[in-house]
2 protein chains.
Amino acid sequence: MNQPLYETVKQHVLDHIRDGSWQVGDKIPSENELVRDLSVSRMTANRALRELSKEGFLLREHGRGTFVAPRRVSGHPLEVRSIAEEIRARGEKYSMSLLLREDKEGCLDILQEMSLPNKSKLIHITLVHKADGVPMQLEDRYVHSTLAPELMHLDFSNISPTDYLLNKVPLHQAEHIVRAGMPTATIAAALEMPESEAVLIIYRRTFSDSGVASIAKLYHPGSRFELSGAFQGEG
Amino acid sequence: MNQPLYETVKQHVLDHIRDGSWQVGDKIPSENELVRDLSVSRMTANRALRELSKEGFLLREHGRGTFVAPRRVSGHPLEVRSIAEEIRARGEKYSMSLLLREDKEGCLDILQEMSLPNKSKLIHITLVHKADGVPMQLEDRYVHSTLAPELMHLDFSNISPTDYLLNKVPLHQAEHIVRAGMPTATIAAALEMPESEAVLIIYRRTFSDSGVASIAKLYHPGSRFELSGAFQGEG
DNA sequence: AAGTGGTCTAGACCACTGC
DNA sequence: CAGTGGTCTAGACCACTTT
C-alpha cells in the first residue's frame with residue numbers, strides 16, 4: 001500500500017473502465033462523490049481525475065461532469081515491419097537468442113508507464129535478433145501477462161515473442177519514440193559492437209483493446225540498421 | 001491576466017530558462033523559495049514545477065532540488081514538418097546560421113541520387129537550426145535549381161530554405177531514412193556537441209510533380225532530439 | 001438554486017538528501 | 001540537522017451548466 005492516494009483513486013477509476021462498468025461516454029462520479037466514497041480530500045480526487053484526463057482516459061467538461069473518453073483511433077501511413085520479416089526479406093537467415101525471461105511483479109515504474117494496476121503481473125523478456133548470425137536488434141520487452149501468460153513457457157525456436165504477440169493480440173495503436181544514443185557496455189556486448197559506435201533506439205508502446213499491451217526498448221547497431229519509409233508529404 | 005496562478009509560475013520559470021539566466025543543469029529555486037518570491041502557496045508552486053517536469057523542462061530529485069533539463073526537440077516522422085515550427089511550438093526562440101550556399105554543377109553522384117540529367121544545376125545549402133541558440137539540426141541540402149533558382153539570393157533571415165521550399169514547391173511524396181551514427185569533427189563542431197556522442201541522421205528525398213525536388217541530410221545531436229509519433233507497428 | 005469542475009490557500013506529515 | 005520534494009487535507013471562492 002506504499003502508493004500515493006491519488007494513484008489509488010486513478011486505479012479505482014481505471015478499474016471500472018476496464019471491467020466495463022463505466023462505458024465510453026458514461027458520466028463517472030463527480031469529485032465530491034469520490035471524496036465521499038473513497039474518503040479522500042477533494043484535491044486528491046481532483047488530481048487523479050485531472051491526470052487521467054491529460055492521459056486521455058477521461059474527458060472533463062466544466063459544469064457538466066467527467067466522462068469516459070472514446071478510444072483513440074489510428075491512421076498512420078508509416079509501417080514498421082517486424083524485424084524477422086525484414087531480415088528474411090533481404091534473403092538473410094533469421095535467428096535469435098533468448099537472454100532473459102522472468103516474471104516481474106510489483107515493478108511500479110514500469111506498471112505506471114503502462115497505466116496498469118499495481119498488482120498486474122508482467123513478463124520481462126530480453127532477446128537478440130540476428131541476421132546470418134550477426135546481431136541486429138536487442139529487444140527488451142515487458143508484456144502484460146494476462147494477455148499472453150503462455151509467453152512464459154513458449155518455445156521460441158519457431159516463432160519469436162514479437163510475432164507471437166502480433167498474431168495473438170489484436171493491436172490498434174502503437175506509439176514510437178526514436179532516438180540516437182550510445183550503448184552501455186552490456187548492450188554493446190550483446191550486439192557484438194564497439195562501445196564507441198552509435199545505437200538507434202526505438203521505444204515502443206503498443207495498445208490493445210484493454211489498454212497498454214506491452215512496452216519495448218529496441219536497440220540497433222547504428223552501422224547495421226536503418227529505418228526507412230516512403231510516405232506522403234503534407235506541405 | 002485571467003490565467004491560473006500556476007500557469008504564471010510556469011511561465012516565470014520558462015522565462016528564466018529561455019533568457020538564459022537558468023542554464024541547463026542549473027538548480028532552480030525550491031518550492032519554498034518560489035512561495036516567498038511570487039507570493040503563492042506551496043501547492044501552487046508544486047503544481048507548476050510538477051507539470052514542467054512532466055513536460056520535460058525540469059528534472060526533480062527528491063531531497064536534492066529541481067534542475068533545468070537538457071533540451072530535447074521532437075519531430076514527427078510522418079510529416080515533412082519544418083524544424084523551425086517544432087522549435088517554436090515548444091516555446092523556444094528559433095534561429096539559424098547559414099554555413100554555405102553555392103551553385104553546384106556536374107556533381108554526378110548527387111545528380112544520380114536525384115535521378116536528374118547530368119547537366120542539371122543544383123543549389124547546395126548548409127545551415128544550422130537552433131533553439132534558444134543551441135544547435136538542434138545541421139541541414140545539408142541539394143535543391144534542383146530550376147524549381148527555385150531564387151534560393152541562391154534569398155534572404156534567409158525571415159524564412160528558412162525549408163519553409164520557403166514547402167510553400168513554393170508542392171510536394172507529392174517524401175522518402176525518409178533514419179540512422180544513428182557518429183559525427184565527423186566538422187559536424188560535431190557545427191552542432192556544438194562532443195564527437196563521442198551519437199547523432200540521429202535523417203536522409204530525406206522530396207518529390208514534386210517533375211521528380212526529385214531536393215535531397216537533404218539532417219544531423220541531430222542524439223541528446224537533444226528525438227522522433228516521436230504514433231503509427232502502425234508490429235507488436 | 002444546485003451541482004460541477006478549476007483553482008488557491010495554509011498548514012501538515014513524510015522520506016530523502018546533504019552537511 | 002536543515003532543506004528539499006511528495007503528498008494530503010479542509011475549507012474556500014469562482015465560473016460554468018443544468019434544472
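A quick note: this is a predicted structure, and the numbers were derived from the prediction, not measured. A note on names: the letters A, B, ... follow the listed sequences, proteins ahead of strands, and every chain is numbered from 1.
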Quick one: do the [X] and [Y] side chains pair a donor with an acceptor below 3.5 Å?
{"X": "A:Y203", "Y": "B:E226", "result": "no"}
{"X": "B:E139", "Y": "B:T126", "result": "no"}
{"X": "B:R88", "Y": "B:Y94", "result": "no"}
{"X": "A:H124", "Y": "A:D103", "result": "no"}
{"X": "B:N46", "Y": "B:R50", "result": "yes"}
{"X": "B:N32", "Y": "B:S30", "result": "no"}

What is the distance from [atom1] of [X] to [atom2] of [N], rounded to the nearest Å?
{"X": "B:L38", "N": "C:dT9", "atom1": "CG", "atom2": "C1'", "answer": "15 Å"}
{"X": "B:H62", "N": "C:dT17", "atom1": "NE2", "atom2": "C1'", "answer": "8 Å"}
{"X": "A:E31", "N": "D:dA10", "atom1": "CD", "atom2": "P", "answer": "15 Å"}
{"X": "A:L58", "N": "C:dT4", "atom1": "CG", "atom2": "C1'", "answer": "15 Å"}
{"X": "B:L59", "N": "D:dG5", "atom1": "CG", "atom2": "P", "answer": "13 Å"}
{"X": "B:R42", "N": "D:dG6", "atom1": "CZ", "atom2": "P", "answer": "9 Å"}
{"X": "A:K27", "N": "C:dG3", "atom1": "NZ", "atom2": "P", "answer": "11 Å"}
{"X": "B:E51", "N": "D:dG6", "atom1": "CD", "atom2": "P", "answer": "13 Å"}

Any side-chain N or O of [X] under 4.0 Å from OP1/OP2 of [N]?
{"X": "A:R60", "N": "C:dG6", "value": "yes"}
{"X": "A:S41", "N": "D:dG11", "value": "no"}
{"X": "B:S30", "N": "D:dT4", "value": "yes"}

Proximity to the side chain of A:R64 - top-ranked nucleotide from D:dG6, D:dT17, C:dG5: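 For the A:R64 side chain, the nearest candidate turns out to be D:dT17.
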
Per A:V40 side chain, nearest of listed nucleotides C:dT7, D:dT4, D:dT9: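 Selected nucleotide (nearest to the side chain): D:dT9.
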
Step-by-step side-chain hydrogen bond (donor to acceptor under 3.5 Å, both in side chains) determination, A:S214 to A:R141: CA-CA 7 Å; A:S214 83; A:R141 180 181 294 275; 2.9 Å; yes

From CA spacing to verdict: salt bridge (Lys or Arg N to Asp or Glu O under 4.0 Å), B:R60, B:E31: CA-CA 11 Å; B:R60 314 200 73 189; B:E31 295 186 354; 2.9 Å; yes

Interface with DNA chain D, restricted to residues 5-12 of chain A and to heavy atoms under 4.0 Å: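 A:L5, A:Y6 - these, ordered by number, are the residues of the stretch whose heavy atoms sit under 4.0 Å from the strand.
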
Whether A:H12 and A:W22 hold their rings parallel, tilted or perpendicular, with breakpoints at 30° and 60°: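 A:H12 vs A:W22 ring planes: perpendicular.
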
Nucleic acid contacts of residues 43-50 of chain A, taken as heavy-atom distances under 4.0 Å to DNA chain C: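 Those residues are A:M43, A:N46.
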
